[in-house]
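Have a look at the structure below before the remarks.
What's counted below: heavy atoms across the whole structure, side chains too, no hydrogens, waters or symmetry copies. Residue numbers start from 1 in every chain, and the chains themselves are labelled A, B, ... in the order their sequence lines are given, proteins ahead of strands.
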Protein chains: 2
Amino acid sequence: MIDQGISKQTLQRLPFYLGYLKTLDKVTVETVSATTIAEALNLNQVQVRKDLASVCSLGRPKIGYVTQELICEIEHFLGYDNAESAVIIGAGKLGKALLGYRGFEEYGLNIVAAFDADENVVGTEENGKKIFPMSKLKNLCERMKIHIGIITVPAEYAQRVCDSLVESGILAIWNFAPVHLTVPEHILVQNENMASSLAVLSKHLSQKFSEEAQKIG
Amino acid sequence: MIDQGISKQTLQRLPFYLGYLKTLDKVTVETVSATTIAEALNLNQVQVRKDLASVCSLGRPKIGYVTQELICEIEHFLGYDNAESAVIIGAGKLGKALLGYRGFEEYGLNIVAAFDADENVVGTEENGKKIFPMSKLKNLCERMKIHIGIITVPAEYAQRVCDSLVESGILAIWNFAPVHLTVPEHILVQNENMASSLAVLSKHLSQKFSEEAQKIG
DNA sequence: CGTATATCGATATATCTTTATCGATATAAT
DNA sequence: ATTATATCGATAAAGATATATCGATATACG
């Protein structure tokens with residue numbers, strides 16, 4: 001398995017493959033071809049084949065891939081069988097929603113606690129997970145060897161929180177605040193920027209509308 | 001302004017530019033250069049210049065762009081001054097968190113209501129927004145000319161919900177369910193797939209760890 | 001047993017995205 | 001006024017990603 005130099009795009013498609021494969025019946029669908037997967041997910045078949053090649057053992061001509069093997073290999077590749085612990089900074093609505101979401105366990109993510117500067121939420125719990133004051137962040141991260149930090153604070157505090165996380169030994173940051181974060185080279189920031197997604201949506205709409213207008217006018 | 005054929009990547013960077021520009025002092029920072037923006041956001045200056053060129057009026061050599069003008073032009077381009085209405089399908093934890101998030105208004109998104117199949121939440125309110133039964137979806141969307149649908153239901157229901165949205169006249173879908181959605185050609189699906197983001201994060205970590213192991217071993 | 005077909009992997013081509021380079025221009029400094 | 005410099009826009013080069021093509025191979029069918 002060559003897991004170096006896999007592209008971000010491929011990485012992001014793998015969960016879609018996995019989701020599709022899991023909808024297939026274990027008993028009847030013993031094998032599955034790249035062609036079939038591609039059709040189900042509206043992708044190019046060569047793309048699917050290439051993506052799978054970078055993750056899994058050989059497929060067989062005319063047959064495809066052994067479904068259950070493929071599932072295991074993708075899951076292993078994505079680390080679903082080797083959970084990482086994470087902390088959430090910011091126990092507002094979004095932070096609490098993420099704390100309460102049980103799906104993350106399935107994806108190999110184990111959120112162990114949240115932190116917040118607001119004294120009113122510190123000390124409370126959400127989904128059985130405690131909310132600590134910011135002062136405890138570094139100690140807890142180091143003690144529990146936590147490497148993932150999730151930022152769900154308002155934009156104006158995000159960089160400061162980010163710096164604290166880096167100082168606490170965090171190596172990867174999942175940033176829900178709509179700002180750019182500056183970090184040392186070895187730290188990864190994955191932005192979940194709702195504003196960016198909305199930009200794509202609303203541009204699509206305005207283009208549709210201007211097309212309509214042109215047809216009519 | 002040529003807003004056709006702008007790339008998705010450019011579109012997704014625009015909100016970052018905007019956020020940065022808004023942190024600048026209105027009085028003292030009358031103009032700003034692509035170089036400055038690029039440095040602040042860790043981007044290539046040519047990329048920034050090209051992105052801005054596709055959105056805004058001319059910059060001036062040696063000077064750059066007029067900050068306030070640039071802000072207005074990006075906001076207008078992204079439709080922040082021309083709000084679109086949206087509905088949320090799925091009033092679970094995530095759906096409610098999104099209903100409660102006030103930041104969307106700033107981005108030109110106005111969530112007017114939520115829908116859910118669960119009778120226990122139907123009839124309740126969140127952040128002053130009502131939760132309706134699924135049976136009311138089509139009527140409300142048509143009556144209020146709603147074109148954006150946000151899907152926050154579990155994966156297994158997502159495609160069915162998606163079909164209902166399309167039937168209700170929705171043109172763009174923001175999908176938080178971790179599955180691929182099949183839609184007619186003219187409909188846009190923007191996936192906010194947490195599993196994909198996590199895949200990127202956890203791969204970065206496992207790579208870091210294997211690098212470390214190699215150094216030691 | 002030979003032929004047709006679905007599929008694979010590999011290689012080649014096309015497209016899209018990012019980065020580098022270069023001449024032009026507006027301001028500041030000498 | 002001349003020169004230096006920061007910046008622009010445009011064009012070119014490089015790099016990444018997606019798609020098409022082709023020979024090889026495993027099965028099914030006649």
Backbone N or O of [Y] within a donor-acceptor pair of the [X] side chain at under 3.5 Å?
X      : Y     : answer
A/T10  : A/D51 : no
A/T152 : A/I89 : yes
B/S33  : B/G64 : no
A/T67  : A/E30 : yes

Return the 5'-most residue of the pair A/D51, B/G64 with respect to DNA chain D, ranking by each residue's nearest nucleotide.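 Looking at the nearest nucleotide for each, B/G64 comes out on the 5' side.
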5'-most contact on DNA chain D: B/T36 or B/V46, nearest heavy atom basis? B/T36
Derivation and outcome, ring-ring contact (aromatic ring centres under 6.0 Å, His included), residues A/Y20 and A/Y17: CA-CA 5 Å; A/Y20 170 70; A/Y17 300 149; 9.0 Å; no
Provide, to the nearest angstrom, the distance between the [atom1] atom belonging to [X] and the [atom2] atom belonging to [N].
X     : N      : atom1 : atom2 : value
A/I6  : D/dT17 : CD1   : C1'   : 13 Å
B/Q45 : D/dA10 : CD    : C1'   : 14 Å
B/Q47 : D/dG15 : CD    : C1'   : 13 Å
A/K8  : C/dT18 : NZ    : C1'   : 15 Å
A/N42 : D/dT19 : CG    : C1'   : 15 Å
B/Q9  : C/dT18 : CD    : P     : 5 Å
A/K50 : C/dA12 : NZ    : C1'   : 10 Å
A/Y65 : C/dA6  : OH    : C1'   : 13 Å

When you measure from the centre of the six-membered ring of A/F77, is the NZ or CZ of B/K203 closer than 6.0 Å and no more than 45° off the axis? yes
In terms of side-chain geometry, is the basic nitrogen of A/K145 or A/E84 positioned less than 4.0 Å from the acidic oxygen of its partner? no
Between the opening five pairs and the closing five pairs of the helix from C/dC1-D/dG30 to C/dT30-D/dA1, how far apart are the helix axes, to 10°? 0°
Any side-chain N or O of B/R13 less than 4.0 Å from the OP1 or OP2 oxygen of C/dT17?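 For B/R13, the contact criterion (side-chain N or O under 4.0 Å from OP1 or OP2 of C/dT17) is not met.
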Phosphate-side-chain proximity, B/S33 and D/dT7, N/O vs OP1/OP2 below 4.0 Å: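 So the side chain of B/S33 is within the cut-off, an N or O lying under 4.0 Å from OP1 or OP2 of D/dT7.
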Check every strand shown and say whether B/S7 touches a base, only sugar-phosphate, or nothing at a heavy-atom separation below 4.0 Å. sugar-phosphate
Going by the rule side-chain contact (heavy atoms from CB on, under 4.5 Å), which residues pair with A/A195 if we only count those two or more places apart in sequence or in a different chain?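 Checked A/A195 against side-chain contact (heavy atoms from CB on, under 4.5 Å); matches are A/N193, B/P15, B/Y80, B/Y107.
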CG-CD1 distance between A/N42 and A/I37, expressed to the nearest 0.5 angstrom: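 Interatomic distance, A/N42 CG to A/I37 CD1, rounded to 0.5 Å: 13.5 Å.
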Would you mind building the protein contact string for nucleotides 22-30 of chain D? One character per nucleotide, 5' to 3', B for base within reach (heavy atoms under 4.0 Å), S for sugar-phosphate only, - for untouched. ---BBB---
